[in-house]
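Counting from 1, the numbers follow the sequence of the chain as shown.
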Amino acid sequence: MRILTYRKTAKTRLYARHAENSKRMKLHVSKGDTVRVMRGDDKGKEGKVLRVFLKTGRVLIEGVNMVKMHRKARTAEETSGIREAPATVHSSNVMLLDPKSGQPTRTKSRFDTDATHIERRRTKERVSVKNGEPIPRVR
């Protein structure tokens, strides 16, 4: 006679699966930044970042990578049609624009040790590589 075993509990479970799926990427751009597309069909276009997807490392930019979406009427009063909406672009294909010069620049981070911010010392800030000026985060 065969011994009954529960298949689900007999195996070792993959507890690390959730931790693997919940990882987030660190991106050089954030919501509200003005960026320029450096690669792809929309190369040279500029726009404002509308949304950042940290799990996939992609960004949604206003007026860039426009795709057509077909929408069916859901109710009798609604009309069906084709609408255009922006699709995501990978963050490696965009560069942040320097607010003063308007040129694309890479960024590095440093700790702001300004004496006026005594109550919150050592705040991290983004700095333009080209001219060394801090780039403020738009919230």
So CZ of R106 and CZ of R126: to nearest 0.5 Å the spacing works out to 15.0 Å
For R137 and S30, the nearest pair of non-hydrogen atoms, with its separation, is NH1-OG, 3.5 Å
All heavy atoms of K55 vs all of R24, minimum pair found to be CE-NH1, 3.0 Å
Here the gap from K23 atom NZ to L54 atom CG, rounded to the nearest 0.5 Å, amounts to 14.5 Å
Checklist entry - Can you hop from I135 to L97 via hydrophobic side chains spaced under 4.5 Å? => result no
L27 and F53 have their tightest heavy-atom pair at CD1-O, 4.4 Å
On a heavy-atom basis, the closest approach of S80 and A73 is CB-N, 3.4 Å
What one should report as the nearest heavy-atom pair of S128 and T105 is OG-OG1, 3.1 Å
Donor-acceptor side-chain pairing of N131 and D98 below 3.5 angstrom: yes
d(E62 CD, L60 CG) to nearest 0.5 Å is 9.5 Å
Heavy-atom closest pair (G102 atom, R36 atom, distance to 0.1 Å) is O-NH2, 3.7 Å
Distance col, row M25:CE vs S92:OG, nearest 0.5 angstrom, shows 9.5 Å
Side-chain donor/acceptor of H90 to backbone N/O of V59, under 3.5 Å: no
Could you check whether any side-chain heavy atom of T107 comes within less than 4.5 Å of a side-chain heavy atom of V127, counting everything from C-beta outward? no
> Can we say R71 and E78 salt-bridge, meaning some charged N sits less than 4.0 Å from an Asp/Glu carboxylate O?
Replying inline: yes
Check: Does K68 come within less than 4.0 Å of E84, counting only side-chain N to carboxylate O?
Finding: yes
Here the gap from L50 atom CG to D33 atom CG, rounded to the nearest 0.5 Å, amounts to 11.5 Å
Test side chain to side chain contact (heavy atoms under 4.5 Å, CB included), reference V89, set V35, V49, V64, D42, output is V64
- Message: Counting neighbours of NZ on K130 that are heavy atoms of other residues, nucleotides or ligands and sit closer than 6.0 Å, is the number greater than 12?
- Response: yes
To the nearest 0.5 Å, atom CZ of R58 lies from atom OG1 of T88 at 3.5 Å
Are the side chains of K43 and M38 in contact, using a 4.5 Å heavy-atom criterion?
no
TODO: Tell me, yes or no, whether the heavy-atom count around R110 atom CZ, taken from other residues, nucleotides or ligands under 6.0 Å, exceeds 12.
DONE: yes
Which is it for R51 and K31 under the side chain to side chain contact (heavy atoms under 4.5 Å, CB included) test, yes or no, and what are the steps along the way?
-> CA-CA 6 Å; R51 194 167 168 201; K31 182 180 174 181; over 6 Å; no
Same cluster (ILVMFWY, side-chain, under 4.5 Å), V52 and V37: yes
